[in-house]
Amino acid sequence: MNLSTLNPWILTLTTFLPALGALLIAFLPRRDRDIRWFALAISVITLLISLHLPVHYREVAPTNSGTFAYEQNLQWITSPNIHYHIGIDGISLWLVVLTTFLVPFCVLASWKSIHDRVKEFFILLLLLETAMIGVFIALDLFLFYFFWEATLIPMALIIGIFGHQRRVYAAVKFFLYTMIASVFMLAAIIWLYAQSNTFDFVELQHLIATGAIHMPGHTTLWLFLGFFVAFAVKVPLFPLHTWLPDAHVEAPTAGSVLLAGVLLKMGTYGLLRFNIGLFPVEAHKNAPWIMTLAIIGIVYGALVALVQPNMKKLVAYSSVSHLGFVVLGLYSFTRAGMDGAVFQMLNHGISTGALFLLLGVVYDRRHTYEIKEYGGLATPMPMYATLFLLITLSSIGLPLMNGFVGEFLILSGAFQAKAVYGIVAASGVIWSAFYMLWLYQRTFYGKITNPVNATLPDVDLRERSILWPLAVLALVMGVFPTLWMNSIDASVAGILGTQHGVPAAPALQVKVNTVLK
Amino acid sequence: MPTATDYIRILPEIVLSVWGMIIMFIEPILPAGRSRKGLGIFAAVGAIAAIAATIYQARPEFAGSGFNGMLRVDHFSVFFHLVVLLVTLATILMSLDYLPFQKIDRGEYYALILLGAVGMCLMSSAVELVLIFIALEISSISSYILAGFRRHAAESAESSLKYFLLGSFATAFFLYGVALLYGATGSTNVFDIARTLGTSPHIEPLAYVAVALIFTGLGFKVACAPFHVWTPDVYEGAPSPVVAFMSTAPKAASFAVLIRLVIDTASPHWFWVIWTAAVLSMCVGNLGAILQSNVKRMLAYSSIAHAGYLMVAFASASNRELGISAAMFYSAAYAAMNVGAFAIITQMAGAGERYSQIDDYSGLGKRSPVLAAALTFFLLSLIGIPITGGFFAKFYVFSAALRTHLIWLTVIGVANSGMGSYYYLRLIVRMYMFEPRTEEPAPRVRLGMGLAISICLIATLWLGVLPNVVLHYTQGAPTIFFTR
Amino acid sequence: MIPISYYLLLSAFLFACGVTGFLIKRNIITLFMSIELMLNGVNLSFIAFATRLQTLDGHIFVFFVMVVAAAEAAVGLAIIISVYRTRETLNVDRVNLLKL
């Protein structure tokens, strides 16, 4: 069979298969073991199907900007004019695969730690997967908002039902922050529709670029900010980040992994696709203060992470710092910076996702995240220590690991935009090495201070099968970034090429190519 | 002389009246203490027959005015008939086991619901103020009695009294407005009035006063601020299925009357009144709901807020097609989700409606996962989260408002709907994230209740995911509005 | 002949009396009577307008209002009795189980 016949339907299939699985689980009897296996099967099948996307991407890759691969455009509601318009480019391609890739690990990580209301948990997890994929593939603003809001409920429930002590507070805070912020985006979307009678991303992009939509006064700025607030809360950009540490600390392991790995990327993806895609001029005008916020986030996140006594909170603040890098790269408006930002989104998904999974391993054994409870873990858990080291190195961006490629590109982009941004941001790299290695030292080296730790079992087969693939992937992404970078770079070039008022930079391209080699 | 077609134009009302009267006749014959469930099932069949009659009536050959211009059958009336009748059906189904459980198993209950539905159906098709008034009273009087149906409970009697006093007070205002409008225009026909007001170069001050009085009267019925004070008390005391009924069906019908009057009688004069009422209702409703500890009171305030969102659609009625169809769609979506929520409150109420505090819902997710999931779905729809009818309805209303450049109204509305999410969320949090206070499992869901909840679930989901059919229908309504 | 405005003023006065009575009186029966007064004020307006306009609509309306008022009275008194049975008072301020 020729697999390319699948092309028009492959995205729909990838998106809705988990939801279908969730529906089936709802009708399964409450036998926890069966439900776990079923959820695992569904998520692995989804992963396998989604691998069709990158494998055949080259055949269907968009030739010019404004077109998308695996596109499908069906009328959903005639009036208002809403389409089921989906499609991906080189950027969303990898984010979709990242999502489908992380979910099976989340299922495995929840194998034992979730033992109460297992059915509800896996239903929510699979529904969340559908919504997350939907966000990355939607090309109709209504459809996008539909999926965007749909991610909110399963995540809030996962935190609130299956989380730790202060879970209710964290869940409500998470919900209210994101809900209230995204309402502004809804207002902006409706305004655009009222003026243009379309929700279609491609059409709107064209209409705005050609000035066909009448925008009196500061309208563009308000629209830009409407989208920006919704995404900035999700990223989270300093000073809107306060929900994140609470949500991470209280969430169960799988929730943290998806929150850090995918949900935060929805914010940066939105900043790239919609803020920069729809309002390039406005984005360019506002870049200085956004980059400043991003840099404050980088340094602030790193410094706060340094003093955390709680491992999970430390990793949560490190996310604020890492995501600051991504925003910095995006708004540097250089090809290197944007390439790096997209790549860094994937890196962060892999390495921070893996860090949360690693923390989940010790939490399952000791039920605490306090750093002072541990120490000298390298002796009882050598394999665990090795894996933790690999991921730590990936997270701090050691050369040959994935983090290096992303951070290097972002910093070189920032230097091109304005040297001072690059210099301050570079200090963030040093801080991140500091807090991660110090964490590593305090937990793994030294004497075993707490006798309970002396007899902790090392990672078992299930945990190894979760952690090794991620560690290996982090290494592969560091050594062969071009596997990913080719499609990312083409799409970024497309986005930059459609920018108005931004100098096209053939010189940059040369630079990127040299960096990549 | 009325023709056969005229009778078909009131066929659903005839069916409902006949069914209601048959129940009234059977009730005294049945021995005391015998279950009235059979009568309830009979009433449900009546509601289904009326739905069938409405669908038959919807054929194009029956569209138009009947009984010398007393009423009109058009897309608009058929739509509201269906909303009212589906609410009626769901209410009857959820009452089947509620009544014996609360020891108020009387056949009149079903008769009153059916007869009340007659009034509400007539309200949506009447175009003559006399008929509108009578229909309004038919629906109101039966709701007064229904509110006090748990007559041994002091709260229920009190709720009924408050509803009755304030309802009659409002009716008097409505009536005075009608009298003045009659004096100012010389007619009681909605279209004649519209024509007179529309063509005369200057409008008599009398007409303004009249319009204000009518708005006051109907404002009471739809519970929009500043005429909302009765709502929380009445909803708290009345039996839960009755609240499901009267928070949706009479409201939809009163909105239908408002739409006919407002849209036909030169909307620019109404604009600021409606704008203010919309903003006040949204703010009062959402702020009031945050402070409540009783679920029924909370949903009462939420219904005030939702009346406000509907008013937003009215305010955008200068774009006739969008404003009207948004208001119609919103009332349908609101009916589906609110009846659903009250169905579950009915199920949870316990003997004497003891369990209606928010605390009583703690841990429902554990005690009864299915009920909790269904209530969560309805609450999410009330918040306006995607895949529910509530989301699409809100979206549609706000896009209508922005189409007519009501930017501030939209901003206030959108901010309110963000704020409103808090109190609905509080209930969801209680259900899933708190431990149950009793180990006692939730009461078993009987067939009637199950059907009622399923109707609401399907309707809410359908309106949220595939709203195309309903949208088309509502968008067809305004175009034929003026063609007499 | 008495001008129509006199009738209208009288009817407005009756209506206003009813509204005032409704708002300041505390006995439920009195409240109920105030509502009847409002309705009768409205009836007077209808008749006055009908005479001026020389149409029958106003007269017909009055008949319907009377019928409906009678029905309302029946239901209203029944509700008042049921409240009296459970609370043994007819003062609205003491009918306050549901906080207003």
Side-chain angles (χ1 to χ4, degrees), chain A residues 19 26 30 75-80 82 116-117 119-120 123-124 127 131 134 142-153 156-163 167-172 175-176 178-195 197 199 219 222 226, chain B residues 316 319 321-322 325-326 365-366 369-370 372-373 376-377 379-380 383-388 391-392 394-407 410-411 413-422 425-426 428-434 464-472 474-475:
Chain A
R30 283 185 179 271
Q75 187 94 39
W76 176 17
I77 298 166
T78 36
S79 169
I82 297 169
D116 193 24
R117 293 196 254 184
K119 188 168 164 177
E120 279 90 342
I123 291 177
L124 291 171
L127 286 179
F142 183 90
L143 190 68
F144 172 76
Y145 188 80
F146 193 91
F147 283 123
W148 175 270
E149 286 281 282
T151 57
L152 199 50
I153 299 299
L157 287 177
I158 285 180
I159 297 174
I161 302 177
F162 305 96
R167 57 182 189 271
V168 176
Y169 169 77
V172 171
F175 183 91
L176 288 182
T178 11
M179 172 83 197
I180 290 172
S182 43
V183 157
F184 292 102
M185 174 165 74
L186 178 64
I189 291 176
I190 297 178
W191 195 92
L192 279 175
Y193 173 72
Q195 298 302 314
N197 210 14
F199 286 108
T219 315
W222 287 112
Chain B
S316 43
N319 182 334
E321 197 165 321
L322 261 178
S325 75
K366 248 181 199 158
V370 178
T376 306
F377 186 74
L379 290 173
L380 292 179
I383 298 178
I385 299 284
I387 81 158
T388 64
F391 168 70
F392 196 81
K394 229 173 229 176
F395 166 81
Y396 196 41
V397 164
F398 289 137
S399 67
L402 272 185
R403 268 292 171 87
T404 42
H405 307 289
L406 301 173
I407 293 178
T410 313
V411 169
V414 161
N416 257 294
S417 81
M419 188 166 75
S421 64
Y422 174 74
L425 187 68
R426 205 165 53 146
I428 299 178
V429 164
R430 281 273 159 191
M431 289 194 294
Y432 283 104
M433 305 174 196
F434 279 65
V465 179
L466 299 166
N468 228 356
V469 180
V470 180
L471 275 177
H472 260 289
T474 60
Q475 284 155 357

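Lettering follows sequence order; numbering is per chain, from 1.
In this structure, chain B has a heavy atom under 4.5 Å from the side chain of A:D116, while its backbone stays farther away. Interface remark: A:L186 contributes side-chain atoms only to the contact with chain B (heavy atom separation under 4.5 Å). At a 4.5 Å heavy-atom cutoff, the contact between B:S399 and chain A is made by backbone and side-chain atoms alike. Interface remark: B:F395 contributes backbone and side-chain atoms alike to the contact with chain A (heavy atom separation under 4.5 Å). A:I77 touches chain B through backbone and side chain together, each having a heavy atom under 4.5 Å away. At a 4.5 Å heavy-atom cutoff, the contact between B:I387 and chain A is made by backbone and side-chain atoms alike. Both the backbone and the side chain of B:V414 come within contact range of chain A, with heavy atoms under 4.5 Å apart. Looking at A:A171, the atoms closer than 4.5 Å to chain B (heavy atoms on both sides) all sit in the side chain, from C-beta outward. Heavy atoms of A:Y145 lying under 4.5 Å from chain B belong to its backbone as well as its side chain.
A donor-acceptor pair is defined here as one N or O able to donate and one able to accept, closer than 3.5 Å; such a pair exists between the side chain of B:T404 and the backbone of B:A400. Between the side chain of A:W76 and the main chain of B:V465, a donor-acceptor pair closer than 3.5 Å is present. Remark: side-chain polar atoms of A:R167 are not paired, donor with acceptor, to backbone N or O of A:I159 under 3.5 angstrom. The backbone N or O of A:T151 sits nowhere less than 3.5 Å from a side-chain atom of A:E149 that would complete a donor-acceptor pair.
Rounded to the nearest 0.5 angstrom, B:Y432 OH and B:T376 OG1 are separated by 3.5 Å. For the atom pair CD1 of A:I153 and CD1 of B:I383, the computed distance is 6.0 Å after rounding to the nearest 0.5 Å.
Contact count versus chain B (heavy atoms, under 4.5 Å) is highest, among A:V168, A:I189, A:I180, for A:V168. Here B:L380 is the residue among B:I407, B:L380, B:V429 with the most heavy-atom pairs under 4.5 Å with chain A. Among the candidates B:I385, B:I428, B:L402, the residue making the largest number of heavy-atom pairs closer than 4.5 Å to chain A is B:L402.
For the pair B:K366 and A:E120, the salt-bridge criterion is not met [side-chain N within less than 4.0 Å of a carboxylate O].
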Next on the checklist: The test is ring-ring contact (aromatic ring centres under 6.0 Å, His included); show your working for A:F146 and B:F392 and say whether it passes.
Outcome noted: CA-CA 10 Å; A:F146 193 91; B:F392 196 81; 9.1 Å; no
